[in-house]
Amino acid sequence: MKLCKNRAAAYVICFAAVVFSVFVLGGGKLSNRRQEAEQAFSEGENGYSAYLDLMESREYAANLVRIAKKALPESKNYKQAEQLLEEYEEAGTPEEYYEIMEAMSSALLELQEELKESADGETFASADKQYVNYNAKMSNLKFDDSYNAKAKEYNALCGKFPAALIGAVTGNGPLPVFE
């Protein structure tokens, strides 16, 4: 009780309790919401998930890269896309997948344009089919309500005080939304 009679000690205890409740309890709540969104990313609903769409799009991208590698062995564009395919293997978070997806879409567009100018008709037709399928899978991401809804909900939470501060301190920043 002696400790509580000291005002300075009481202020320190009160401050410590506030910090604990904000960062530990609030951080846990923020972390749980993030985990729910990440689970929706990887597992989705009814057999559909953003992760599965990304993996299927990766296969179409790989097919397009193989076609380009044969048709345009000196192309820098296919080499860039090939590097991005390797990065897909190392990605683990929605943020990493989103960043790779953005870069891959740009690289494949440039590669497709190069194939259109330089490849024969049959090769271009094969590549174009893979490119169309890739873009179709990318379009599916926009309609993944399971992940996108949870990511938007989490991001809205991250934009408010004290969650914004907690997120900055704990590394739980905003999640990408596929739109």
Side-chain angles (χ1 to χ4, degrees), residues 30-119 123-159 164 167-168 170-179:
L30 189 64
S31 180
N32 287 342
R33 289 281 181 92
R34 183 180 177 91
Q35 287 175 352
E36 287 174 10
E38 287 178 343
Q39 184 175 1
F41 174 82
S42 60
E43 296 176 17
E45 290 179 355
N46 302 321
Y48 297 104
S49 73
Y51 175 79
L52 290 176
D53 284 338
L54 285 167
M55 290 301 100
E56 288 179 31
S57 70
R58 182 198 171 284
E59 292 306 311
Y60 292 120
N63 291 340
L64 180 55
V65 168
R66 279 191 289 276
I67 292 166
K69 190 174 183 176
K70 283 184 179 179
L72 309 166
E74 300 302 316
S75 171
K76 291 179 185 176
N77 291 324
Y78 101 75
K79 291 175 184 174
Q80 179 189 7
E82 198 170 49
Q83 174 63 37
L84 289 166
L85 287 171
E86 291 175 19
E87 291 179 24
Y88 259 104
E89 298 300 320
E90 298 167 10
T93 65
E95 296 94 337
E96 291 170 339
Y97 282 109
Y98 185 83
E99 187 177 307
I100 293 166
M101 179 209 73
E102 290 286 309
M104 179 64 80
S105 292
S106 295
L108 292 180
L109 177 61
E110 290 178 25
L111 189 57
Q112 185 67 353
E113 290 297 320
E114 190 176 1
L115 283 164
K116 186 176 185 178
E117 292 175 13
S118 305
T123 300
F124 177 72
S126 294
D128 193 49
K129 181 178 181 184
Q130 299 306 313
Y131 186 69
V132 167
N133 288 336
Y134 171 84
N135 284 320
K137 279 297 169 187
M138 291 290 95
S139 292
N140 285 352
L141 291 170
K142 296 174 188 173
F143 303 108
D144 183 355
D145 293 335
S146 174
Y147 168 73
N148 285 331
K150 288 190 184 332
K152 286 177 184 176
E153 198 175 287
Y154 169 78
N155 290 345
L157 182 64
C158 283
T170 62
N172 287 321
L175 288 167
V177 176
F178 297 98
E179 294 183 312

Task: Nearest atoms (heavy-atom pairs only) where L30 meets C158 - done: CD1-SG, 3.9 Å

- [ ] Could you walk me through whether K152 and L175 pass side chain to side chain contact (heavy atoms under 4.5 Å, CB included), step by step?
- [x] CA-CA 8 Å; K152 286 177 184 176; L175 288 167; over 6 Å; no

Task: For the student: nearest non-hydrogen atoms of G44 and S49, plus distance - done: N-CB, 3.6 Å

TODO: For E96 and G92, indicate whether the former's side chain and the latter's backbone hold a donor-acceptor pair under 3.5 Å.
DONE: yes

TODO: Mind checking ring pair (Phe, Tyr, Trp, His ring centres under 6.0 Å) for F41 and listing every partner two or more places apart, or none if nothing turns up?
DONE: Y97, Y147

Task: Set of residues satisfying side chain to side chain donor-acceptor pair (under 3.5 Å) with respect to D145, sequence neighbours excluded - done: none

Task: Sidechain-backbone polar pair: Y154 side chain, S31 backbone, donor-acceptor under 3.5 Å - done: no

Open item on the list: Can you confirm whether Y131 is buried at OH, in the sense that more than 12 heavy atoms of other residues, nucleotides or ligands lie under 6.0 Å from that atom?
Closed with: yes

- [ ] Compare every heavy atom of E36 with every heavy atom of K150, then report the nearest pair and how far apart it is.
- [x] CD-O, 3.6 Å

TODO: Only pairs at least two apart or in different chains count here, so list each salt bridge (Lys or Arg N to Asp or Glu O under 4.0 Å) that has a residue in residues 83-92.
DONE: R58-E89

Task: Minimum-distance pair of heavy atoms, taken over all atoms of D53 and N140 - done: OD2-CB, 3.4 Å

Task: Main-chain N/O of P174 paired with N155 side-chain donor or acceptor, under 3.5 Å - done: no

Can you give me every donor-acceptor pair (side chain of residues 60-70, partner residue at least two apart or in another chain, under 3.5 Å) with its distance?
from, atom 1, to, atom 2, distance (Å)
N63, OD1, R66, NH2, 2.3
N63, ND2, E59, O, 3.4
N63, ND2, Q130, OE1, 3.0
K69, NZ, E82, OE2, 3.4

Open item on the list: Treating R34 as the side-chain partner and G173 as the backbone partner, does any N or O pair qualify as donor plus acceptor under 3.5 Å?
Closed with: yes

Task: Listed partners of D144 passing salt bridge (charged side-chain N to carboxylate O under 4.0 Å, His left out), at least two apart - done: none

- [ ] Check step by step if side chain to side chain contact (heavy atoms under 4.5 Å, CB included) holds for N32 and Q35.
- [x] CA-CA 5 Å; N32 287 342; Q35 287 175 352; 3.8 Å; yes

TODO: Would you name the heavy atoms of K79 and P73 that are closest together and state the gap between them?
DONE: CE-O, 4.1 Å

Open item on the list: How about CZ on F124, more than 12 heavy atoms from neighbouring residues, nucleotides or ligands closer than 6.0 Å, or not?
Closed with: yes

- [ ] To the nearest 0.5 angstrom, please state how far the CD atom of Q80 sits from the CE atom of M104.
- [x] 9.0 Å

Can you give the donor-acceptor pairs under 3.5 Å from side chains of residues 108-115 to other protein atoms, not counting sequence neighbours?
from, atom 1, to, atom 2, distance (Å)
Q112, NE2, D128, OD1, 2.8
E114, OE1, S75, OG, 2.7
E114, OE1, N77, ND2, 2.8
E114, OE2, S75, OG, 3.3

Task: Side chain proximity check, L141 to M101, heavy atoms < 4.5 angstrom - done: yes

Open item on the list: So which atom in A50 and which in F178 form the shortest heavy-atom distance, rounded to 0.1 Å?
Closed with: CB-CE1, 4.3 Å

- [ ] Kindly compute the distance separating CG (L84) from CD (E102), expressed to the nearest 0.5 Å.
- [x] 11.5 Å

Open item on the list: Measuring from atom OG of S57 to atom CG of L52, what distance do you get when rounded to the nearest 0.5 angstrom?
Closed with: 10.5 Å

